[in-house]
Every structure is written in C-alpha cells, then in structure tokens.
K.L.:
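Right, I'll just put the structure down here and ask away after.
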Amino acid sequence: MLFKAKTLAGLAFAATVTLGASQALANEFRLGLITPPPHIWTKAAEDFGAELKDKSGGRHSVTVFPAQQLGNEAEMLQQLQTGALDMAFMTAAEVSNRDADFGAFYAPFLANDIGHAARILQSDYARSMLDQLPGKAGVVGIGYGMAGLRQIVSRTEVKSADDLKGLKLRITPFAPILDFYNALGAAPTPMPLPAVYDALANGQVDAIDMDGELIWVLKYYENADTIIESNHMMFPMIGLISAKVWAGLSEDDRTLIAETMNKHLDAVVASYVEKEPVWIDEIKGTGKTYIKVGPEFFGDIGARWDAIWSEKSPSLAELRNLAAATR
Ligand code: BEZ
C-alpha cells in the first residue's frame with residue numbers, strides 16, 4: 001500500500017512526503033507478481049520502477065515483490081481492490097476469474113503465432129476491454145504484456161490427443177483452460193506457477209501446460225520426456241493499479257505512471273516475439289522427444305470451447321473477428 005505520512009492519516013489517499021499543498025505527493029508504490037526474479041515479467045517490473053523513479057525526479061519509487069511474496073494472484077487482486085497493494089503485473093487468467101469477459105483471450109488457436117498474439121493484444125479493441133475493470137474488479141488496467149503461447153510438457157510419451165486422456169495435467173488456476181482440458185478428457189490439475197517445477201519433478205503431476213520461457217530458460221523440460229509444441233493458447237498479462245490508489249493520483253502522475261508502465265509492458269511483448277522462436281529451437285535440441293502439432297491434433301475442441309465461452313464472454317466473437325482480420 002502507499003506508505004502514508006502520519007500527518008496525512010485522515011486523507012483517503014496519501015503519500016510518504018508532503019511538499020506543500022500545491023505540490024505533487026511522493027509515493028512508495030508496491031508492485032506484486034508471481035513470477036520468479038529471473039523471469040521477463042519481474043525484470044520488466046523492476047525496469048518500470050527504475051524509470052518511474054528517474055522520470056519523477058525520485059518522487060515515486062516502486063518496490064517489486066516477485067515469486068508470490070505478497071500472496072497468490074487471487075490474494076493480490078483482493079489487496080489491489082482494498083488499496084493494500086498498489087500495482088501488479090498479473091495474468092489475464094486471474095483477471096478472467098473476476099471478469100469472465102477476459103476469458104475470450106484464451107480461445108483455442110485465437111493467435112496463429114506469437115507475433116499475431118502481440119497484434120491482438122495491442123489492438124484498440126483489446127485496449128478497450130480494460131475499461132470495464134474499475135467497475136467490475138476495482139482495478140485500473142494500464143495495458144497488456146504477455147508470456148509465450150502455451151505448450152504441453154509430459155513425463156510420458158504423447159503421440160495423439162488420446163494419450164493426454166486421464167493424465168494429471170497441471171493448469172494455471174482459471175476456468176478457460178480447465179474447460180479446454182476437460183474437453184480433451186485430461187485430468188486438469190490447477191496449480192499456481194511457483195509450485196509447478198517441483199510437482200513435475202516429483203511426479204505429483206504427469207504433464208504441465210506451460211510456455212517456452214519457463215520450459216527452456218527456467219528448465220522445466222528437465223523433468224519431462226516429451227515436449228509438445230502446440231501453441232494452443234495465448235497468455236496475456238495485465239499491468240494493474242488499484243482503483244483506490246489511482247483515484248488519489250494527480251492527472252500528471254497518472255499520465256507519467258501509465259506511459260512508463262506501458263513502455264515496459266510493450267517491451268515484454270516485444271521480448272516474447274523475439275525470443276520465443278529461439279527458445280523453441282533450443283528445446284528441440286535437448287534430445288527430449290519433441291512433437292509439433294496444430295489445431296487438428298485437438299479435433300473439434302475449439303468449437304466446443306467456443307460454445308461454452310460465447311455464453312460467458314461478450315468479447316469472444318469480436319476477438320475471433322479481430323484475429324481473423326489480423327492474421
Ligand atoms: C503459469 O501459470 O503457467 C504462468 C504464470 C505467469 C507467467 C507465466 C506462466
């Protein structure tokens with residue numbers, strides 16, 4: 001939360017230092033996220049904090065809490081709502097648990113490739129979806145980052161979708177991915193990111209749904225036999241600010257924070273566009289069984305998923321049209 005000077009205790013929104021009534025307040029923001037320190041999202045959060053401090057002449061600082069130090073994403077979203085936490089870089093997956101419209105981003109094979117995923121996320125339509133967040137979730141959505149497209153890593157041999165049936169398959173805890181693997185006949189096992197490496201290593205799960213950065217850079221492949229490059233879903237992230245904290249900021253500070261955060265969110269997107277193909281190539285060279293599959297591998301799962309989610313997400317049809325127009 002914003003650290004408040006005692007003299008300002010009665011104010012709803014305060015800051016560490018007062019420089020006089022007409023001068024802007026100084027803030028020590030706290031930003032939470034679940035990714036570990038070496039992850040692209042965590043580094044981007046730190047870069048954002050450093051640049052904000054610099055551009056504000058030291059008036060604003062950001063302390064980054066990685067690796068779920070402040071709680072899991074559901075808990076952090078709650079803290080953002082109460083103003084106990086100022087900012088987060090959060091999976092759109094968690095946001096979709098509060099506002100199902102964001103589930104549309106997980107439509108199977110919405111994006112053809114990582115560059116296409118970037119175009120979808122940086123579209124005016126995707127940006128307009130953020131407008132609903134203050135009313136529905138008590139947070140302000142500043143912009144999108146992402147992680148790579150989703151792949152499957154399995155301890156057992158997988159040659160067809162039938163081989164996934166009954167597998168205990170780790171998923172990020174959110175409904176769109178649960179529906180995807182339920183439709184496949186797997187046994188989807190919701191598990192937050194920090195628990196996944198060990199769960200795969202010790203056989204608590206048979207397989208995981210994951211992205212190229214974690215599979216390659218953070219070495220999740222080490223505990224698997226088969227890597228399936230399926231690219232079946234995109235995985236957006238959203239830069240969030242507590243609506244309560246936002247309400248206490250001046251227009252100038254809002255602009256400074258939003259512009260600076262968006263610069264670093266865009267850099268996250270650019271990093272994945274550049275690096276994901278490289279990681280995938282590296283994974284191919286590990287000697288693990290590697291298969292590349294397309295939508296046909298999953299049969300009619302896309303249509304079945306859309307039948308469920310068109311009821312829940314008004315934006316699904318719009319995003320499917322947008323995706324078709326930007327291929
Ligand atoms: C995951 O749940 O798989 C995940 C979460 C954040 C960043 C990347 C992956």
Side-chain angles (χ1 to χ4, degrees), residues 31-46 64-77 87-98 102-103 105-106 108 111 114 117-118 121 143-154 168-181 186 188-201 204-221 223-224 227-240 264-265 267-269 271-273 275-276 279-280 283:
L31 187 155
L33 70 180
I34 61 168
T35 48
H39 192 271
I40 286 177
W41 294 8
T42 312
K43 289 185 188 154
E46 280 161 0
V64 175
F65 295 88
Q68 216 164 271
Q69 281 174 34
L70 300 179
N72 62 32
E73 287 197 323
E75 289 162 339
M76 281 195 279
L77 195 46
M87 302 173 174
F89 281 2
M90 188 168 284
T91 64
E94 183 57 42
V95 174
S96 78
N97 287 334
R98 301 299 174 98
F102 284 81
F105 284 119
Y106 302 95
I114 194 82
L121 282 176
Y144 295 97
M146 68 169 166
L149 298 175
R150 302 306 284 186
Q151 323 296 351
I152 302 169
V153 173
S154 173
K168 272 193 90 177
L169 195 152
R170 176 271 167 176
I171 57 165
T172 307
F174 72 117
I177 194 99
L178 185 73
D179 289 340
F180 179 84
Y181 283 109
T189 307
M191 184 179 287
L193 181 64
V196 177
Y197 185 93
D198 287 347
L200 187 65
Q204 191 187 336
V205 291
D206 305 308
I208 60 172
D209 181 278
M210 194 46 72
D211 64 72
E213 179 184 13
L214 286 144
I215 297 170
W216 171 248
V217 184
L218 297 178
K219 306 214 176 304
Y220 285 38
Y221 73 88
N223 303 309
I227 319 292
I228 305 161
E229 184 192 344
S230 51
N231 297 315
H232 53 276
M233 264 179 203
M234 39 194 277
F235 202 77
M237 172 264 267
I238 309 182
L240 296 175
H264 292 279
L265 293 172
V268 166
V269 172
S271 275
Y272 283 98
V273 171
K275 291 177 182 162
E276 186 176 90
W279 297 326
I280 297 289
I283 291 167

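Starting from 1, each residue takes its place in the sequence as its number. We count ligands from 1, going down the list as the structure has it; atoms in each ligand are counted the same way.
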K.L.:
Check for me whether the distance between the ring centres of F180 and Y106 falls short of 6.0 Å.
P.N.:
no

K.L.:
Flag this pair as yes if the NZ/CZ of K219 is under 6.0 angstrom from the six-membered ring centre of W216 and inside a 45 degree cone about the axis; otherwise no.
P.N.:
yes

K.L.:
Can you tell which of E73, Q69, E94 makes a side-chain contact (heavy atoms from CB on, under 4.5 Å) with I34?
P.N.:
E73

K.L.:
For Y272 and W279, I'd like to know if the aromatic rings sit close, meaning centre-to-centre distance below 6.0 Å.
P.N.:
yes

K.L.:
Could you name the protein residues that come within less than 4.0 Å of ligand 1, counting only heavy atoms, and order them by chain and residue number?
P.N.:
I34, T35, W41, T91, R150, R170, T172, L193, M210, D211, L214, F235

K.L.:
With no hydrogens and no angle check, do the side chains of N231 and Q151 hold a donor and an acceptor under 3.5 Å apart?
P.N.:
yes

K.L.:
Partners of F105 by ring-ring contact (aromatic ring centres under 6.0 Å, His included), sequence neighbours excluded?
P.N.:
Y144

